[in-house]
Structure formats: C-alpha cells, structure tokens
Amino acid sequence: MRVSVYGAGLTGLVTAWALADVGNDVVLVACEGEELTALKRLQLGVNEPGLSERLAAQLAEGRLRFEDQWAAGFNHGDVHFVALAADRIALAEQLLAALALTRSESLTVVNQSTFPVGAARRLRELMLLERERQGLVDDVYFLALPSFLQEGAAIHNFTRPQRILLGSDDEWGLRLVAELLRPFCRNQGQLMVMSTKEAEFSKYAINGMLATKLSFMNEMANLADQLQVDIEQVRKGVGSDPRIGFDYIYPGCGFGGLSFSQDVMRLAETVETEVEDSYLLQTVLESNEQQKEVLFRKLWRHFDSDLAGKTVAIWGAAFKPGTDRIDNAPCLLLLEALWAQGVAVRIYDPAALESLRRHFGERQDMRLCDSAYQAAEGADALLIVTEWKEFWSPDFERLAELMRNPLIFDGRNIYDPGFMREIGFTYRGVGRSSDFDS
Amino acid sequence: MSLIESTAWQALATHYKEQIAPLSLQQLFAGNESRFAQFSVEADGLLMDYSKHRITGETLKLLVRLIEERELGRWTDALFSGAPVNSSEGRPALHTALRAASDQGVEVNGQAVYPQVQASLGKMAGIVAKIHAGQWRGYSGKPITDIVNLGVGGSDLGPLMICHALEEFRHADAAGLNLHFVSSIDGSQLAERLGHLNQETTVFILSSKSFTTIDTLANAEAAKRWLAQKIDNEAVLLRQHFIGCSANPEKMSERGIPPQNQLLFWDWVGGRYSLWSVIGLPIALLLGMDGFRQLLRGAAAMDAHFRTAPPAANMPVLMALLGVWSSNFLGVKGHAVLPYDGRMRHFPGYLTQLEMESNGKSVDRDGNPIDYDTCPIIWGDVGPNAQHAFYQLLHQGTQPVSCDFLAPVLRYRISRSDGTQEQLQDQQVLTLANCLGQSRVLMLGDQALAEGDPRRGARNDQHYNGNQGSTTLLYPELTPYVLGQLVALYEHKVFVQAVIWHINPFDQWGVELGKVLAQDTFAAIKDCQQPFDDSSSQGLLAYIARVRG
C-alpha cells in the first residue's frame with residue numbers, strides 16, 4: 001500500500017520504517033520544523049537504538065522516502081498517518097484541511113498524535129467542511145491509533161505489540177487500516193477496535209494512570225523524607241507486588257513532557273465543553289508542579305531560606321534522558337525559582353542546552369557549560385534533574401575538588417546515600433538522604 | 001470672633017429662619033422646575049445630585065460666602081503644600097502627595113516628598129511582583145498563598161474596604177492568593193483564621209503607623225507563636241513570614257522585621273488617610289500595581305477637581321457645605337451613607353472612621369472650647385439591606401436625618417459562564433430603582449404618591465412626612481479609578497468642614513486616654529486588684545475576679 005506519514009518524531013519515524021519494512025511504499029513528510037537534509041543524513045531528533053540503520057536500509061531499498069513538502073505526502077498515500085507532537089493540533093488542522101482539498105477522492109487518515117479526546121471527530125468534520133465549501137462530496141475515514149511507543153524499545157513496541165488499540169468510526173477505514181497493521185498483530189486479540197473517541201479516551205486514561213502512579217510515589221517519597229525512611233527500599237517492596245509492578249513508580253523531581261502537560265490532560269480542552277475535569281488528575285498534575293520544585297525546597301531549607309549570591313550546578317535540563325526537548329520540564333520551574341532568589345546557575349545537559357538558550361535567551365545568571373565537571377566548578381551545591389547515563393558514575397573525587405561544598409541534591413535517586421556519606425558528600429535524594437540512619 | 005458670630009454664619013441663621021424653615025422640599029421642588037439643573041454637578045464621570053436638600057440659590061450663595069470668610073483657599077493651599085495643618089502635632093497632612101502624578105516640589109523638613117513616595121511604592125511593587133510570581137517563599141520553600149493583614153483603624157479599614165469593593169478587578173497573578181484582615185484585639189478573628197491556614201504558605205503584614213499599637217502587636221505575637229510551632233529559626237520566621245508597614249523603621253527593626261521587609265510611610269500621613277501609602281499593600285496585592293495606581297489616579301483627579309473647580313461646582317466643597325448646613329442649621333444629628341452596591345459593604349464603616357475620628361472634636365485649632373456642633377453621627381450599610389433595617393427611623397422617626405445615596409449605573413457587563421448575566425443585570429436595575437425610590441420618599445413623603453391615591457396619608461401610622469435631605473452620587477461603573485475619586489471626595493469634604501468649624505481634623509487625642517486606662521486595668525484584672533475608687537469599676541472587677549476564679 002502507499003502510505004504517507006506526517007511528522008518525524010519517534011512515532012512518525014518508527015511507523016514509517018515499520019510499514020516500509022513489511023513492503024509498503026512510504027513517504028515520510030517532515031513538517032514540524034525538522035530539517036530535511038539532516039533527516040536524510042539520518043541525524044534524527046531521537047536517540048532510538050537501531051533505528052538509523054533500519055531507516056537507512058529502507059531508504060536504500062527505495063520503499064521509504066523523506067520529503068518536506070506536504071504535497072509530496074498528499075499525492076502519494078492511500079492512507080495518511082499523522083504523528084505530530086501533542087501541542088501541534090493547530091498544525092494538524094492546517095495540514096488536514098489542505099489534504100482534504102488536494103485529494104478530492106475518499107481519504108483515509110490515521111491520527112497517532114496525542115490530541116484531546118474528540119479530536120478525531122473534530123478533525124474529520126473540519127475536513128468535510130472544507131470539502132463541502134468546494135463542492136466535494138467524498139467521505140473522509142478518520143481513525144485513531146494512539147501511540148504506546150516507549151523510547152529505547154519503540155521498534156519492538158511497534159512490530160511486536162502486546163496490543164494495538166485502534167479507534168474507528170466506520171467499516172471501510174477500519175478494513176483498510178486493519179489490513180495495513182496485519183503484519184504486526186498476527187495473534188488473536190491483539191487488535192482491539194473501538195470508536196475513535198473511546199480509543200482517544202483510553203490513551204488519556206492510560207496517561208492519567210501513569211501520572212497518578214508517579215505522583216503517588218512522589219508523595220510517598222516526600223513522606224519518606226519526613227519519616228527518614230529510604231524510599232528506594234519501599235519502591236522495591238511496592239513494585240514486587242504484581243498488582244502494582246515496577247513501572248512508573250520511580251520517585252523524582254517531577255515528570256515533564258507534552259503528553260503530561262496540563263493542556264493535554266484537561267478534558268475541558270476537548271470539544272465537550274460540558275465535561276468536568278477529573279478531580280484526581282487535576283490534583284495529580286498540580287502536585288507534580290509542586291514536585292518540580294522539590295530540589296529547590298531542599299536547597300532552600302539547607303541554606304536556611306537564604307540563597308542570595310549562591311552558585312548552583314545543575315545536571316540535566318531535558319524532560320527525560322535521550323531528548324533535547326524541555327517542554328514542561330522540571331528544570332524550567334526550578335531555574336525560575338533559583339533565579340528569583342538571586343542564585344547563579346551553571347548548567348550542563350548533553351543535548352538540551354540549545355533548547356534552554358532558545359527558551360530563556362542569554363542571561364547573566366545562567367551559564368551553559370560544556371561538561372558536567374565544568375558546571376560543578378565553584379558550585380555551592382549540585383542538583384541532578386535528568387538522569388542521563390553519563391551522570392550515574394561520575395568521578396566523585398574530582399567533583400568534590402571542583403565544588404565549593406560536597407553537596408548533592410539528586411532529583412532522580414541515582415546514587416547510593418550510604419556510599420555518598422562514606423566519600424564525604426552530603427547527599428539528599430527524593431525520599432532518601434545520607435543523613436538518614438540506615 | 002466665634003464662628004457663630006461671624007457675618008456669614010449669622011446671615012445663614014437668619015436665612016434659615018426666614019426663608020427655609022417654612023418651606024418643605026416638596027414646596028421647593030414645586031416652586032422651581034429646574035432644581036436638578038441648578039443643584040447638580042457632573043465632573044469626570046461622577047454625577048452629584050444635591051437638589052434634594054433644603055436649600056435655595058440664596059442658601060448656596062451664603063454658604064459659599066462662609067467658606068470665603070473661613071479662607072478655604074488659603075487652607076487648601078496649606079494642605080497641599082505641606083504646611084503643618086495638623087497643628088496639635090505640628091506636622092503636615094500630605095495624603096495628597098501620596099497620589100500626586102508628578103513632583104509638585106513639596107518638601108517636609110527640607111526633604112523632597114515625591115522621591116520618597118516613589119521609592120516606597122517601588123519597594124512595594126517589588127514585593128508584590130515577588131508574591132505574584134509565586135517566588136516569595138515560606139520557610140519550607142513553598143510559594144505564599146495566604147496574606148493576613150494585621151492592623152487596626154486606618155491600617156485595616158481602608159485596605160479592607162477597597163479589597164472588598166474591587167474583588168472583581170483581581171489581578172490574574174493574584175488568582176490563587178487569599179487575603180485576610182485581622183484587626184480585633186480579642187484575637188477572635190485571628191484564632192478563627194489560623195485554623196484554616198498553613199504556616200508554610202502564610203505571610204503576615206504587620207501594619208501600624210507607630211508600630212506600637214497594642215491591638216496589632218498582640219495579634220502579631222499570636223501569629224508569631226503560631227509560626228514558631230513549625231519554624232525553629234526566628235530569623236527565617238521573620239524574614240519569610242512578616243512584612244512591616246510603618247512610619248517607624250526603628251521600631252520595625254526592634255521587632256526583628258528585616259530591612260528588606262520594611263515598607264515605609266511617614267508621620268506626615270494620617271492613619272485614616274494612609275491607604276494610598278504602603279498601608280495599601282493588600283490592595284496592591286489584589287489589584288496589582290497597575291490597579292493600585294489607577295486607584296491613586298482617581299484620587300489625584302479628585303484632588304485636582306477640589307483645587308480648581310469653583311465652589312458651586314466643586315463636589316467636596318458642596319458636600320461639606322451641605323453637611324454644615326444640615327448639622328448646624330437644620331439640626332441633623334445623624335448622617336447615613338447608603339451605597340446601593342453590595343461590594344461597598346465596608347464603605348460606610350470606612351467613612352465612620354474618616355469623618356468621626358477627624359471631625360468629632362469640641363475644641364478649635366487654638367484650643368478653645370467651641371459652641372457649635374461639629375461632625376454628626378455617621379453610620380450606614382448597603383442600602384437595599386438597610387431598607388429592611390434602619391430606614392424605618394429615616395422615614396418615620398422623630399428627628400431630622402441626612403443621607404448620601406451612592407450607586408453605579410452599570411454592572412455585570414462582562415458575560416458570565418454561569419448563565420446569570422441577564423438576571424443580574426435586571427437586579428442591578430432593581431437596585432437603582434430602589435435607590436431612586438427611597439430618596440424620593442425621603443424628599444416627598446406621602447406626596448410622592450399620586451393625588452387621590454388611597455395610601456396617601458390615610459392613617460397616621462402609614463404617614464410619611466418626607467422633607468429629609470439627601471445627596472445622590474451616581475457613576476457609570478465601580479472601578480479602581482472611581483473608588484479613588486469617591487474616597488478622596490470624602491477626605492476633602494472632611495477637610496472643608498474642619499476649616500469651617502476651625503478644628504484640626506488630623507489629630508485624634510480622644511482615642512488615647514482609654515488606651516492608658518486599659519493598661520492599668522489589665523494589671524488589675526491579672527492580679528485581682530481593686531485600684532479604682534469608683535463603685536462601677538469596683539463592681540465590674542469584682543465580678544470578673546469571681547468568674548475567673
């Protein structure tokens with residue numbers, strides 16, 4: 001089948017590759033500001049093991065092409081996959097309106113982007129309205145295919161999914177897309193079909209559940225701090241219960257990313273204006289916003305509410321390792337809080353420094369550093385915000401020499417408090433500390 | 001020469017006896033179709049209708065002659081230029097300088113006032129910005145969500161009144177900020193409040209001009225102990241949870257308020273005239289600095305009007321003259337302030353202090369006892385509610401009264417998501433109708449009914465005499481600017497009356513002695529002593545001692 005994929009994020013890239021890999025003729029349209037030339041050189045915005053090689057193979061086979069003109073995609077596909085970032089619904093509207101007019105025959109669109117509940121129906125209506133204005137009558141089949149790809153395992157997630165959740169409001173579109181997905185769901189019951197709204201709401205509920213798990217664990221960690229209990233031991237105990245499991249129970253300094261932003265999680269943002277928001281989820285998201293300041297609060301209390309003139313090193317700005325994105329990232333609130341108290345910040349991130357520069361501009365009190373060690377120079381404290389691999393086993397001796405105080409606030413609990421105490425660091429994690437009696 | 005022996009006063013007395021006493025308001029209106037045109041002023045959006053007072057053109061002429069004789073112009077210049085118009089305390093009363101839009105060159109003791117005012121506002125703006133940004137942190141590092149204003153009198157009534165009135169102008173950055181006002185010395189407001197507050201996220205504003213007010217300091221001590229349950233470090237407690245607003249920086253420092261948390265005003269600002277200064281911090285926190293500056297602009301506009309408009313078109317002057325006319329010639333002992341606007345609930349209480357503490361005096365500027373009435377008893381409430389309370393006395397009581405009716409014409413212009421806009425707009429019309437209806441009944445009594453209406457004086461207990469004077473103030477909408485105008489209007493009314501009565505409106509010696517006696521009595525109660533020689537005090541102390549055990 002001829003397939004067009006719009007968006008060169010992780011979902012778009014993996015979808016394009018996987019569909020090409022099973023024999024389809026795929027065009028991937030970069031349309032979120034991704035550079036076509038960089039893309040062609042396989043400089044991807046994501047760091048997914050094995051993906052570059054696989055894409056290269058399909059490009060060489062000729063079953064996959066990269067383009068940056070919408071029209072290239074419009075004119076190519078029998079099915080159109082939209083895989084944009086969660087905050088790009090306006091772009092999706094423009095894109096689909098243009099598609100509706102460019103291809104006047106019946107169209108099949110599959111939305112993989114995490115848009116608000118009801119988006120599929122709304123976008124379809126928008127396309128039909130555009131067509132009506134031009135006197136076009138053919139239908140648009142609009143499906144929702146929520147993405148469940150996890151970074152690092154995205155290829156496996158797509159090609160060997162535990163389940164595929166497909167939202168469809170009509171027979172014809174469903175038949176076409178089910179056929180397209182057939183190679184990936186060869187076992188009984190893998191393909192779960194429901195309405196687009198149900199599929200979108202399922203995705204919403206899954207994200208909500210994950211956010212709730214994280215926030216719950218964060219709250220437990222804050223209590224553990226007060227009780228002087230090591231939350232890591234508790235986490236292992238809790239995760240060993242199969243009803244709960246080990247996923248999404250790592251406490252930390254808050255979660256970020258677009259999928260968990262207030263905008264996406266608010267049902268009131270949907271077309272259904274009468275819908276009440278989930279009280280629990282609102283609370284979860286609000287408590288997450290507070291959690292993003294947890295390192296600030298620990299630092300604040302450590303220095304008796306007086307941070308003026310201090311220098312603080314920060315490791316990590318991206319909302320998670322492996323990306324240069326800082327959307328909704330904990331470091332944004334943390335930086336504002338530090339600056340408001342007159343703190344100078346030295347910050348290092350392997351990928352996201354440019355994003356920070358774009359977000360905040362040049363500032364006297366924000367020094368973007370070339371290495372983790374450079375950031376630590378002369379710092380009164382080190383805050384770890386993103387758990388990039390290179391932070392897990394630093395040269396602590398060197399670190400202690402570079403810093404003004406051997407003081408670490410770890411928002412990702414990546415060190416061992418007992419060991420840190422032995423080597424002379426004051427170490428405070430989230431729900432654990434070198435001060436606790438173990 | 002005493003005031004009442006003066007030519008203008010004597011002329012007014014004669015005029016009253018011969019021309020006005022025989023005439024009712026109903027007759028005055030019947031005899032002059034253009035009373036409204038003659039006796040109303042419209043300026044800068046405000047409409048003041050004072051035609052429903054028992055006056056004629058001649059009355060007004062004589063009243064204006066009175067202020068000329070009392071040299072109002074000279075006094076006004078003295079007020080604005082920083083002369084020591086507060087004679088008993090030898091200092092100026094420069095609340096007008098707090099809202100001046102530009103440097104008028106006013107100095108006190110050789111120091112320019114304007115730069116000090118701007119510096120203080122600037123420091124306040126910094127604190128407001130920090131709290132609004134969520135970057136003023138409590139001891140645990142959380143942003144502040146609750147502000148408790150500890151203050152009494154001028155450090156309470158002004159900010160309380162304005163914050164209540166202008167809630168709908170709340171700044172977007174203050175959306176999550178709760179403002180509380182605690183004044184009473186008995187701790188009842190504080191004790192109730194603290195139960196709902198969290199030490200981590202609460203800041204106390206300690207507002208006291210002298211920083212020695214026992215009421216406020218006692219509440220501050222209770223607040224401090226409440227905070228100390230959670231905060232070991234007293235420096236942190238004071239630095240993160242207390243802001244001081246005072247004219248006495250030394251006392252603020254003595255109490256441990258760090259310099260960066262000290263907001264200053266000056267002894268040349270009277271407490272009841274201080275909402276325009278840093279005492280207005282709660283207002284600025286609610287409205288933002290832009291909103292606060294609009295309030296100041298409204299007051300400054302009224303200052304300009306007061307200084308430039310001719311007496312017969314000058315709202316504060318006219319208000320003052322009508323007050324003097326009512327009190328001193330018509331025998332009015334009570335003056336009611338009646339806003340037809342629930343948001344203005346605290347406005348009458350605010351004026352109670354402004355007028356009665358300023359002009360409730362019986363000694364003139366030279367220290368001599370006076371032989372004429374000064375400030376009447378001022379009271380009031382939200383008009384429509386008061387209709388179900390004390391209006392009975394206004395309509396059918398035994399004494400003459402005067403009233404100020406205040407109302408916005410428009411409300412609820414912004415569409416509401418709860419589907420009530422239309423109904424509420426209708427209720428606003430109903431409110432206006434009540435306002436106008438009441439002043440008409442006060443004016444005309446039964447005569448307001450059509451000729452031949454059976455309710456017209458049919459029975460004595462249903463009879464309305466009317467002939468009670470009132471002023472009606474209308475304005476398009478209540479805004480920070482308009483409220484600034486209104487407050488300044490009353491401030492200047494009070495000043496003009498003080499000039500006529502030749503009293504000092506800027507001291508308040510009458511509130512001092514009670515404080516002194518309370519100190520002795522405090523010891524007497526604590527130690528079960530009987531230091532007083534009057535049997536009433538003895539009896540009361542004995543009862544208290546018995547109950548306390």
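We use all heavy atoms of the structure for the numbers below, so side chains are in, but hydrogens, waters and symmetry mates are not. In what follows, chains carry the letters A, B, and so on, assigned in the order in which the sequence lines appear, proteins first and then strands, with residues in each chain numbered from 1.
Residues of residues 337-347 of chain A lying under 4.5 angstrom from chain B, judged on non-hydrogen atoms, are A:A337, A:A340, A:Q341 by number. At a heavy-atom cut-off of under 4.5 Å, chain A is reached by no residue from residues 417-428 of chain B. Close approach to chain A, defined as a heavy atom under 4.5 Å from one of its heavy atoms, is seen in B:N233, B:V236, B:R239, B:Q240 of residues 233-250 of chain B, taken by number. The contact list for residues 301-312 of chain A toward chain B, using heavy atoms and a distance under 4.5 Å, reads A:R301, A:D304, A:S305, A:D306 by residue number.
Residues B:R137 and A:E293 are paired through a salt bridge, judged by an N-O separation under 4.0 Å between the basic side chain and the carboxylate.
A 6.0 Å sphere centred on OH of B:Y114 holds more than 12 heavy atoms belonging to other residues, nucleotides or ligands. Within 6.0 Å of NZ on B:K251 lie no more than 12 heavy atoms contributed by other residues, nucleotides or ligands. Heavy atoms from other residues, nucleotides or ligands lying under 6.0 Å from CG of B:D290 number 12 at most. When the shell of 6.0 Å around CD of A:E219 is examined, it contains 12 or fewer heavy atoms from other residues, nucleotides or ligands. Within a 6.0 Å sphere centred on CZ of B:R411, other residues, nucleotides and ligands contribute more than 12 heavy atoms.
Interface remark: B:K142 contributes backbone and side-chain atoms alike to the contact with chain A (heavy atom separation under 4.5 Å). In this structure, the portion of A:Q290 lying under 4.5 Å from any heavy atom of chain B is its side chain and not its backbone.
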